[in-house]
Protein chains: 2
Amino acid sequence: MSTLSLEIGKWVQIQVTQKDPTPKKRANLRDVAKAAGVSVATVSRVLNEPGLVKKDTLDRVQKAITELRFVPSAAARAINSGRTRFVGALVPTLDNAIFARFLAALERKLSENDLSLVVATTESDLEVEAKKAKGLVDIGAEGLIVTGAAHTAEFHDLLDRTMIPTIITSYFDDASALPTIGYDNKAAAQLALRHLIELGHRQIAVVHGPVHNNDRTFARLSGLREIDWEGQLTTVETEISLRGGTEAAARILSYPTKPDAILCLSDVVALGVLFGLQSKGISVPKELSLMGLDDLPSSACSVPSLTTVHLPVSRMGERAAVALERWISIQEKPKAERLEVRLIERGSTIPKVGHSR
Amino acid sequence: MSTLSLEIGKWVQIQVTQKDPTPKKRANLRDVAKAAGVSVATVSRVLNEPGLVKKDTLDRVQKAITELRFVPSAAARAINSGRTRFVGALVPTLDNAIFARFLAALERKLSENDLSLVVATTESDLEVEAKKAKGLVDIGAEGLIVTGAAHTAEFHDLLDRTMIPTIITSYFDDASALPTIGYDNKAAAQLALRHLIELGHRQIAVVHGPVHNNDRTFARLSGLREIDWEGQLTTVETEISLRGGTEAAARILSYPTKPDAILCLSDVVALGVLFGLQSKGISVPKELSLMGLDDLPSSACSVPSLTTVHLPVSRMGERAAVALERWISIQEKPKAERLEVRLIERGSTIPKVGHSR
DNA sequence: AAGGTTGATGAAACTAGTTTCATATGTCAA
DNA sequence: TTGACATATGAAACTAGTTTCATCAACCTT
């Protein structure tokens, strides 16, 4: 107890000593120049090209910098260079690991190029997206990364006016005016469905997230509808989350006939469905096959492990970072990039009983 | 195919027409003033206090703004106001949902206060953290949010020099010089262990992430060691990920005697352990009890659902956002905030056979 | 010793805004 | 009709850096 009061006492003291020197405002270049007895140009050189400054002068200036606790103003730098060294990314949510993984890769690669990442979440609301995009531009973002191709008119207007380099991700489209770096959502969904069809499944329930304003989900669903086969699809819309998945599972189990297989258009939902089925005592894949689409790390670990379609989101993050960096620094507008998706066969899908593959 | 070429043709055309107007550089205040036949001061007023400008002049200036596609420079604004309107957050990783959730809440709340969030990941490396913190200051962050209380000397030196408002999260400590907003890691771990002890478990394996440079893990572990009881703890260090959990499970099962319970110091790891046990045919909680610590959304959905200690990371994000905003805007240095943790009893823990609670 | 080159430095212009202060109208009351 | 006040606007100073151009000294060459 005595130690505790001592600690608190110490802390208060720190508070006080910190308050004392605070009033004198931050030193600027002129202050340093004056203190060192040189011109502002020389201080600027010390900061940017120390090689041009005589050793003696350099020392004097650096001493002044240290003493005055000088920290150059980012804004003043930016006003001259026209560079703020950060870009913005707009993603629907951070709660889905797929976006978190994408952002992790994006940030890592941007950071290699000395760019920082401002993250903004849109909650899949295009109005919010437009507002936040405006905010990012207002604070000086040099480029934008957005999710999907559908955006509001104000958003496009903003890009038009500012000509800010902007890359669309999670979506591939050759013909888009804005460069896209992503995968073919339609093909990814078809790859998944074809796998289930090949295994002999004919009654397939498709669990997907909200279609409203979500071009990725829409593309995936329309991909499924385009496939010509002798089976039947039932679609179930739910929230993209584990809970959404367990709810969808419950709904599917309430149908008069149990499907042969369930195809979830995201892995989180598939995991949720798996849990939902397990809690009702339904065995996957014995009683029905289950597939996801995303390929999260958890999908490889679940029991059974989840068959899915791998979306290369980490690579997408890296490619987007590189492309945006080049666009910003050397005005090279990127070409659209299609990243290949691939089927990952794991334990949650097996041939339908009686079906020889 | 003909449609495709048409589309490509169209895209090329867009490219060309975009290149044409590009050369003329971005218009600035002076350009707008000249075009509207007013002074720069008037244009500035139109931007910031339109009420002071005569309707007629206002219209003329706004027309010029539109025609010249004028977008004010964020840097020039910042140089005058001294405000960049963004803060930086340093987290170990985005790959663990616990940080993603924290950041999501943080971003949401900051955004309500017109602050943007720059995210930087440190990979739990304090050197990287210091370097990225420097980067955040360099680009003009007005405040910082960091994870944990352990940092390098350079990091502290940076804070000292710049006096940048900085809040420590995921960690509570009254006596820290920097304000902390977080939970008591020691108490959280103890809460978990006491629950297992109460259920009668006496051989407990503790699975935790790397201790090196991680004060949260360290605090949790030392909390466990401080408890005086008549049982035995075995600790297993692993990577904080699902895979890390499955590996730890395998390791634990290779021991000569199976523990009564496994306590994982993060939920991701607990989920991994659960999968690892399931794949070896071990039934949780029948054969052994399993506990996590974090409380992720997935923990409520797994089968069995995971008993855990809830860490209020979303609230932590909100509180940190509010506190940092106040510190920045009205120089009110926040007080340390302890957020309560609580035990969430779910399906993965049951009393040891023969133990009456 | 004169001329050329290099190195180190400073004055001033420049980036793109905001803000202060002064001035020119216009309105109203005395 | 004149002074008082409000409104609208502009000139210039100001924010905090970078950059250009000029200057001067020192060294090297012939």
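Numbers restart at 1 for each chain; the letters A, B, ... are given by sequence-line order, proteins then strands.
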Worksheet item: For the helix from dA1(C)-dT30(D) to dA30(C)-dT1(D), what is the angle between the axes at its two ends, each from 5 pairs, rounded to 10°?
Response: 50°
Practice prompt. From the options Arg326(B), Gln331(B), Glu332(B), Glu325(B), select the one residue that forms a side-chain hydrogen bond (donor to acceptor under 3.5 Å, both in side chains) with Ser329(B).
Written response: Glu325(B)
Fill in: Set of ring pair (Phe, Tyr, Trp, His ring centres under 6.0 Å) partners for Phe155(B), sequence neighbours left out
His151(B)
Practice prompt. Under 4.0 Å from any atom of DNA chain D, heavy atoms only: list the residues of residues 42-61 of chain A that qualify, in numerical order.
Written response: Ser44(A), Arg45(A), Asn48(A)
Discussion item. Using the side chain to side chain donor-acceptor pair (under 3.5 Å) criterion, which residues pair with Arg30(A)? Sequence neighbours excluded.
Written reply: none
Worksheet item: How long is the gap from CG on Leu158(B) to CG on Leu144(B), to the nearest 0.5 Å?
Response: 7.5 Å
Worksheet, complete the sentence: For residues 50-59 of chain A, the side chain to side chain donor-acceptor pair (under 3.5 Å) pairs (sequence neighbours left out) are Lys55(A)-Asp59(A)
Worksheet item: For residues 62-78 of chain B, which residues have at least one heavy atom under 4.0 Å from DNA chain C?
Response: Phe70(B), Val71(B), Pro72(B), Ser73(B), Ala76(B), Arg77(B)
Fill in: Val46(A) side chain near Val32(A) side chain, heavy-atom distance below 4.5 Å
no
Worksheet item: Any side-chain heavy atom of Ile164(A) sitting closer than 4.5 Å to one from Leu159(A)?
Response: yes
Discussion item. Taking side chain to side chain donor-acceptor pair (under 3.5 Å) as the cut-off, I'd like each qualifying pair that reaches into residues 133-144 of chain A, sequence neighbours left out, listed once.
Written reply: Arg83(A)-Glu142(A), Lys134(A)-Asp138(A)
Worksheet entry | Beyond-backbone contact of Thr152(B) with Glu129(B), side-chain heavy atoms, under 4.5 angstrom | no
Item to complete: May I have all residue pairs that pass side chain to side chain donor-acceptor pair (under 3.5 Å) and include part of residues 113-124 of chain B, sequence neighbours excluded?
Response: Glu107(A)-Thr121(B)
Worksheet item: What residues, two or more places apart in sequence or in another chain, satisfy side chain to side chain donor-acceptor pair (under 3.5 Å) together with Arg108(A)?
Response: Glu318(A)
Discussion item. I want to check something: taking the side chain as every heavy atom from C-beta on, are Leu103(B) and Val119(A) in contact at a cut-off of under 4.5 Å?
Written reply: no
For a quick test of your reading: what N or O donor-acceptor pairs under 3.5 Å do the side chains of residues 62-69 of chain B make, sequence neighbours left out?
unit_1: Thr66(B); atom_1: OG1; unit_2: Gln62(B); atom_2: O; d: 2.8
unit_1: Arg69(B); atom_1: NH1; unit_2: Asp160(A); atom_2: O; d: 2.6

Item to complete: Under 4.0 Å from any atom of DNA chain D, heavy atoms only: list the residues of residues 131-143 of chain B that qualify, in numerical order.
Response: none
Worksheet item: About how many Å separate CG of Asp215(A) and CG of Asp173(A), when rounded to the nearest 0.5 Å?
Response: 9.5 Å
Worksheet item: Between which nucleotides of DNA chain D, 5' to 3', does chain B make heavy-atom contacts below 4.0 Å?
Response: dA8(D) to dA16(D)
Item to complete: Determine whether Val61(B) and Val53(B) make a side-chain contact, defined as any pair of heavy atoms from C-beta on separated by less than 4.5 Å.
Response: no
